[in-house]
Amino acid sequence: MAGEPVNVNEFEELAKEALPKMNYDYFSGGAEDEYTLKENVEAFKRISIQPRILVDVSKINMSTTILGYKTSSPIMIAPTGLHKLAHPAGEIATARAAAASDTIMALSFASSCTLEEVASSCNAVRFFQLYVYKRRDVSELIVQRAERNGFKAIIVTVDAPRFGRREADIKNKMIIPPMANLKGVISHEVVSDKGSELQAYVSATKDASLSWKDIAWLKSITNLPVLIKGVLTSEDALKAVEVGVSGIVVSNHGARQLDYSPATITVLEEVVSAVQGKIPVLVDGGVRRGTDVFKALARGAQAVMIGRPVVYGLSAKGENGVKTVINMLKDELELTMALAGCCTVKDITRQHVRTEHDRHRCRI
Ligand SMILES: Cc1cc2nc3c(=O)[nH]c(=O)nc-3n(C[C@H](O)[C@H](O)[C@H](O)COP(=O)(O)O)c2cc1C
Ligand SMILES: CCCCCCC(=O)C(=O)O
């Protein structure tokens, strides 16, 4: 690519140039036809922004609080695994970038650096994402380590009882890179001559029997707030409130699990209405512009999380790349707020956006 990137999308091209094919395909790929992968991004484009004029926007304040933690903007780093496939400094670089931009980071269970290394590398507010293994003692031990090391919340990912069928990984015979948190705890050894070794490993280790009753177990082993990641329906949002979680992440795992599941921005509002403000609702999937962040907030999200853009920034330029990605999105959000007549995130309302459904209703 000629010149420096001017938006987050351009980092993908740089990442592709920088990485071996297997690594780039792992980061960028989605499940099967990748229909949902495209939809996550396209669905944002179908929402228009309704600006209000003649508002004094000489001062814009994007700061907000998430679970009581103050942060510079409603943009968080989503948990993504295996950052050393992107850059040798791995999650330490990502965490330092998060700290430098006063952004909350969710560290993946499948990180390439240990949670202890990440905790001691920076003072970012950090949440920890959990996968529940058949060996519950493994998950329990890791939750205890996260708590001891100052992580502020546990985000349990529930959309992956089995691993999605990522065809690029199958073709590349994706390896199982070291997952640092599991070193000395459980073996990585899985033999598969069929395709993605990572997929075979996940099938062998993850607990596909995980169900609603297990949330009580998870709450019983930690004092940290527990959030559920992977909610896509109002029914499940209601259950999440019922079982007493502290927050919901509307997510389809970046379209890497169930293809043809809905684009997250299209179901956000039904989840928000079901929850009735009882717990915070976050959303991820396809956020590539400050305007996307604005649209998600207008539809009721408290914050968004970004996955691939962070990994692309890391692949292209390490810690500085992640910082640039976050700052680009923050700058775009700030400009969007000014141009739409919103001085604070609380000023962003449902009236500031129009969906296809709204437009259709106006016509009849
Ligand atoms: C390369 C990659 C690795 C991921 N690893 C995890 C993970 O370890 N745990 C998890 O809960 N979600 C994981 N996700 C899903 C993200 O947390 C997030 O839901 C998704 O990336 C958001 O979509 P976006 O990439 O379009 O921003 C991963 C996503 C990607 C792209
Ligand atoms: C239990 C290890 C799973 C690692 C995969 C990380 C992930 O969720 C992904 O989407 O990739």
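Atoms within each ligand, like the ligands themselves, are counted from 1 in listed order.
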- Item | Contact check, Tyr26 vs ligand 2, heavy-atom distance below 4.0 Å | yes
- Item | Of the listed options Gln257, Met179, Arg166, closest to atom 9 (C) of ligand 2 (non-hydrogen atoms) | Arg166
- Query: Quick one: does ligand 1 sit under 4.0 Å from the side chain of Tyr131, the backbone, both or neither, non-hydrogen atoms only?
  - Reply: side chain
- Message: Does ligand 2 come near enough to Arg256 that some N or O of the ligand is less than 3.5 Å from an N or O of the residue?
- Response: yes
- Task: Look at ligand 2 and say whether Ala110 reaches it with a heavy atom at a distance under 4.0 Å.
- Result: yes
- Query: Does ligand 1 have a heavy atom under 4.0 Å from the side chain of Arg288, from its backbone, from both, or from neither?
  - Reply: side chain
- Message: For Ser251, which part has a heavy atom under 4.0 Å from ligand 1: side chain, backbone, both, or neither?
- Response: side chain
- At a non-hydrogen distance cut-off of under 4.0 Å, which region of Gln129 contacts ligand 1 (side chain, backbone, both, or neither)? side chain
- Message: Under a 4.0 angstrom heavy-atom cut-off, which atoms of ligand 2 come close to Tyr131?
- Response: 1 (C), 3 (C), 7 (C), 8 (O)
- Atom indices of ligand 2, in the order listed, that fall short of 4.0 Å to a heavy atom of His253: 7 (C), 8 (O), 9 (C), 10 (O)
- Message: Can you tell me which portion of Thr157 lies within the under-4.0 Å heavy-atom range of ligand 1? Options are side chain, backbone, both, or neither.
- Response: side chain
- Message: Within ligand 1, which atoms have a heavy atom of Gly285 less than 4.0 Å away?
- Response: 22 (C), 23 (O), 26 (O)
- Which protein heavy atom lies closest to atom 6 (C) of ligand 1, and at what distance to 0.1 Å? Pro79 O, 3.2 Å
